[in-house]
Each structure stands twice: as structure tokens, then as C-alpha cells.
2 protein chains.
Amino acid sequence: MLRLSRLTDYAVVVLARMGEAGAPTQSAPGLATRTGLPEPTVAKVLKILAQAGIVAGQRGARGGYRLARPLAAISLADVIVAFEGPIALTACVDGHTGVCESESLCPVRGRWDPVNRAIRTALSAISVAELAGRPPAPPARPAEDAHPLSLAAE
Amino acid sequence: MLRLSRLTDYAVVVLARMGEAGAPTQSAPGLATRTGLPEPTVAKVLKILAQAGIVAGQRGARGGYRLARPLAAISLADVIVAFEGPIALTACVDGHTGVCESESLCPVRGRWDPVNRAIRTALSAISVAELAGRPPAPPARPAEDAHPLSLAAE
DNA sequence: CGGAAATAGGACCAAGCGCGTCCGATTTGA
DNA sequence: TCAAATCGGACGCGCTTGGTCCTATTTCCG
């Protein structure tokens with residue numbers, strides 16, 4: 001199913017809501033009620049997004065979170081990397097030399113790299129704004145209909 | 001990490017080994033020793049591949065498995081679908097209407113479709129033969145670097 | 001100046017499921 | 001008739017994910 005974690009899914013929803021709000025700064029409880037998601041989960045999502053530099057947190061009373069950059073400048077790959085680490089399909093790629101009991105026997109050593117790069121490229125080409133379908137008020141909105149991602153010919 | 005299951009990874013390795021063998025039919029225990037993978041696991045992988053129609057099983061003594069079609073005609077998407085179901089990044093897409101407690105609130109309803117299609121297309125364009133990196137005859141390691149798989153423009 | 005509100009950063013526990021294993025039934029060649 | 005192999009399912013351990021909560025820190029408002 002290639003599924004990404006549920007937190008990542010939530011993050012996209014939360015970011016989309018943040019983008020369409022009027023106020024620049026919004027609190028985690030407020031975002032929770034507006035998205036319909038449980039409040040502690042939304043808080044956790046926002047904390048991770050803040051660590052990744054995608055949102056910026058403002059502490060103290062009347063604090064909250066604001067987007068560090070417009071939704072159009074946040075790629076889907078950024079969000080996925082923040083929640084799931086580097087994008088790769090197999091576990092063989094992230095420094096686990098010696099895990100495979102038979103590296104010399106493995107016929108696909110290093111062959112996954114172009115595949116991973118392709119997936120990465122595809123995910124980097126999609127912005128959260130495109131996923132949300134409505135840019136808040138950018139000077140030049142990219143497109144209303146999703147363009148074919150510049151991947152392989154369909 | 002977007003990781004696919006370990007069984008899927010094994011399947012690619014097993015298929016690659018089957019493609020480079022001389023005999024058309026090979027037994028699960030034989031494939032296990034040749035890949036260095038545990039024998040029950042290889043048997044399970046082969047069973048799933050047989051259900052998906054990627055390999056064909058021959059029962060009885062001197063039986064085994066053979067490729068239903070050449071490796072070049074087996075796409076990576078075929079293998080992934082066999083082991084992990086339909087390729088989709090989120091759980092919202094496979095008929096779970098009503099799971100999300102707030103579909104009307106969700107700003108990304110249906111927006112994942114182009115993303116999923118792009119991933120699917122990319123994975124369909126890659127054959128197991130390309131992952132194995134060697135057409136028919138394996139005297140030694142033919143090439144060190146992989147060719148760019150005709151995927152995305154980098 | 002004090003209290004309230006909110007983020008920051010952990011730790012913690014429960015549930016789900018991936019994954020390896022094994023068993024019996026069936027088929028087929030020697 | 002026996003042996004070898006696939007086929008189909010069930011079972012249980014273990015890791016990862018997820019949701020929750022607690023405490024410290026910061027900052028605005030009365």
C-alpha cells in the first residue's frame with residue numbers, strides 16, 4: 001500500500017487549514033477544533049512541523065503557530081521527510097551496511113537508487129498548496145488543476 | 001521512510017535470481033540457498049507471487065516455480081501490488097468512506113489522486129529486469145553503475 | 001507583579017500488524 | 001508406493017506506530 005504514517009496525513013490537513021485562515025498565528029487548540037482532529041495529536045503534529053522549520057511557534061499567551069513560508073513553497077516531500085525521515089523505498093539505503101546477510105549475493109545492490117530519486121522528485125514537485133487546492137492570497141497562483149507532475153508520460 | 005514491506009524486497013531479489021538461472025523451473029529450497037534467504041520465507045514469497053500470476057508453480061516431485069513472463073515484462077508496480085495491495089499514499093482512498101470523522105472539514109479530499117497516479121506511473125515504468133541489471137547471461141558483474149531507468153528528468 | 005495561556009520537549013503505554021514459522025492437504029514424478 | 005514439492009491457512013512473537021500526559025518555559029494581560 002506504500003502508505004505513509006497517519007501523522008503525515010494529519011500534517012497536510014493541518015497545514016492546509018493554516019493556509020486558508022485569516023490570522024497569521026493560530027493556536028494548536030484552535031486548529032484542533034477547526035480540523036476536527038484530537039487536540040493532543042494536533043499539538044504533536046505542530047511540534048514536529050516546528051522542528052522541521054515548516055512552521056514557527058510563538059510561545060506565551062496569545063501565542064500559536066504560523067507558516068514559516070507560504071504553502072506553495074512547502075513541498076509534499078518536505079512534510080514527509082519531517083515525519084518519516086529520508087524518502088527511500090527500501091531499508092538497504094540508510095547506512096545499514098552489513099545488515100543483509102548476503103550482500104554479495106544480492107542482485108539488486110544499489111539498483112534502487114534511481115527509483116528512490118524518481119519518487120523524491122515527484123514528491124518534491126507537489127506543494128501543499130496544490131494539495132489544499134486553494135492558495136490563500138499569493139501574487140501568482142500556480143494552477144487550479146493539478147498538472148501532471150513532470151514525471152513519466154502517462 | 002515510505003518503506004515497502006520486507007516481503008516485497010525479498011520478492012525482487014528472488015525474481016532477479018530466477019531470471020538469471022539457467023533452468024526454467026526452480027524449487028523454493030533451491031532458490032533459498034541461492035539467495036541466502038531463509039527457506040520458509042522464500043516459500044511464502046513464491047506463493048504470493050504465484051497467486052498474483054507473476055510466477056507459475058509446478059507441483060509434485062521435481063516441481064518448482066518458473067517465471068510466467070520475462071523479467072522485462074514484470075514491472076515493479078506489479079510486485080508491489082501483489083504484496084501491498086493497490087498503490088496509494090493515504091488510507092483515505094480505498095473505499096473507507098466514513099472513516100474520517102470530518103470529511104466535510106477535510107481540505108484535501110480527493111487531492112491525493114494525482115499524486116498516487118504519478119507514483120503508480122513511475123513504478124509501472126520500471127521492470128524487475130532493470131532492477132536486476134542484467135538481461136540473460138551472468139558470467140560476472142557486468143556494470144558498476146545503473147543506467148537512468150528512463151524515469152524522471154533529474 | 002501575579003496568573004493564565006500557550007508552546008517545547010520529553011516519557012509512557014497500549015494497540016496494531018508485519019513477519020517469520022509451521023502444519024496439514026494435495027499433486028506428481030520416480 | 002514413496003518421496004518431493006507446491007498450496008493454503010493459522011499461529012505467535014516482536015517491533016513500530018499512535019495517542020496521551022506531564023513538566024518546564026515563555027509571554028501577554030489584568
Side-chain angles (χ1 to χ4, degrees), chain A residues 1-11 13-14 18 23-33 35-68 80 82-85 90-91 94 96 99 101, chain B residues 1-11 13-14 18 23-33 35-68 80 82-85 90-91 96 99-101:
Chain A
M1 188 88 74
L2 267 194
R3 65 164 48 119
L4 37 81
S5 86
R6 198 174 305 190
L7 274 302
T8 310
D9 200 358
Y10 291 162
V13 176
V14 169
M18 291 182 73
T25 296
Q26 304 167 73
S27 71
L31 243 7
T33 59
T35 53
L37 266 32
E39 190 265 331
T41 300
V42 172
K44 187 174 197 171
V45 165
L46 287 170
K47 276 185 277 192
I48 297 175
L49 286 173
Q51 283 183 345
I54 298 175
V55 302
Q58 176 65 31
R59 302 174 71 158
R62 302 280 305 267
Y65 292 93
R66 62 179 170 79
L67 293 170
I80 293 178
F83 283 85
E84 331 217 7
T90 56
D94 45 356
H96 286 83
V99 172
E101 62 282 352
Chain B
M1 187 88 76
L2 267 193
R3 63 164 51 119
L4 38 81
S5 86
R6 200 174 304 190
L7 275 300
T8 310
D9 200 0
Y10 292 162
V13 176
V14 169
M18 290 181 74
T25 296
Q26 304 169 71
S27 70
L31 243 8
T33 59
T35 53
L37 267 32
E39 191 265 330
T41 300
V42 172
K44 186 174 199 171
V45 166
L46 261 348
K47 275 186 279 191
I48 297 175
L49 286 174
Q51 283 182 344
I54 297 175
V55 303
Q58 175 66 31
R59 302 174 70 157
R62 301 284 303 268
Y65 293 92
R66 64 178 168 80
L67 293 171
I80 292 178
F83 283 84
E84 331 218 7
T90 57
H96 286 85
V99 172
C100 293
E101 62 282 349

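Worth saying up front: this structure is predicted, and the values here are computed from it rather than measured. Here is how names work: the chains are called A, B, and so on, in the same order as the sequence lines, proteins then strands, and each is numbered from 1.
Separating the CD atom of B:Glu84 from the P atom of C:dG18 is a distance of 9 Å, rounded to the nearest angstrom. The interatomic distance linking B:Ile48 (CD1) with D:dT6 (P) rounds to 15 Å, in whole Å. With rounding to whole Å, A:Met18 atom CE is found 13 Å from C:dT7 atom C1'. If you take CD of B:Gln58 and P of C:dT26, they are 18 Å apart, rounded to a whole angstrom. Rounded to whole Å, atom P of C:dC17 lies 18 Å from atom CG of B:Leu4. Straight-line distance from the CG atom of B:Leu7 to the P atom of C:dT21: 11 Å, rounded to whole Å. Across the protein-nucleic acid pair, B:Phe83 atom CZ and C:dG18 atom P stand 13 Å apart, rounded to whole Å. When rounded to the nearest whole Å, the span between CG of B:Leu37 and C1' of C:dT21 equals 14 Å.
Residue-level contact check: A:Ala28 touches the backbone only, with heavy atoms under 4.0 Å from sugar-phosphate atoms and none from bases.
Considering only side-chain N and O atoms, A:Thr41 lies under 4.0 angstrom from the phosphate OP1 or OP2 of D:dT20. Between A:Arg62 and D:dC29 there is a side-chain N or O to OP1 or OP2 distance below 4.0 Å. Checking the phosphate oxygens (OP1, OP2) of C:dG20, a side-chain nitrogen or oxygen of B:Arg6 falls inside 4.0 Å. Contact annotation: B:Tyr65 reaches the phosphate of D:dC7 (side-chain N/O to OP1 or OP2, under 4.0 Å). Distances shown here put a side-chain N or O of A:Ser5 below 4.0 Å from the OP1 or OP2 atom of D:dG18.
Taking all atoms of both residues into account, the shortest heavy-atom contact from B:Tyr65 to B:Gly57 is CD2-CA, 3.7 Å. Here the closest heavy-atom approach between residue B:Leu7 and residue B:Phe83 is recorded as CB-CD2, 3.6 Å. The two residues B:Ala52 and B:Ala82 have their closest heavy-atom pair at CB-CB, 3.5 Å.
The side-chain heavy atoms of A:Met18 and A:Leu46, taken from C-beta on, include a pair separated by under 4.5 Å. Residues B:Leu37 and B:Tyr10 form a side-chain contact, since some pair of their non-hydrogen atoms from C-beta on lies under 4.5 Å apart.
For D:dG19, the base has a donor-acceptor partner in the side chain of A:Lys44 [N/O atoms by modelled type, under 3.5 angstrom]. Within 3.5 Å, a donor on the side chain of B:Arg59 pairs with an acceptor on the base of C:dT26, or the reverse.
Along DNA chain D, the nucleotide closest to B:Leu46 and the one closest to A:Glu39 are compared, and the more 5′ of them pairs with B:Leu46. Projected onto DNA chain C by closest heavy-atom contact, A:Ala50 and A:Ala61 fall at different nucleotides, the more 5' of which corresponds to A:Ala61.
Here the side chain of A:Tyr10 is nearest to one of D:dC7, D:dC29, D:dG19, namely D:dG19. Closest approach to the A:Pro38 side chain among C:dA8, C:dG9, D:dT20 is made by D:dT20 (side chain taken as heavy atoms from C-beta onward). In this structure, the nucleotide among D:dA3, D:dG8, C:dT7 sitting nearest to the side chain of B:Lys47 is D:dG8.
With rounding to the nearest 0.5 angstrom, the CD atom of B:Glu39 is 8.5 Å from the OG atom of B:Ser27.
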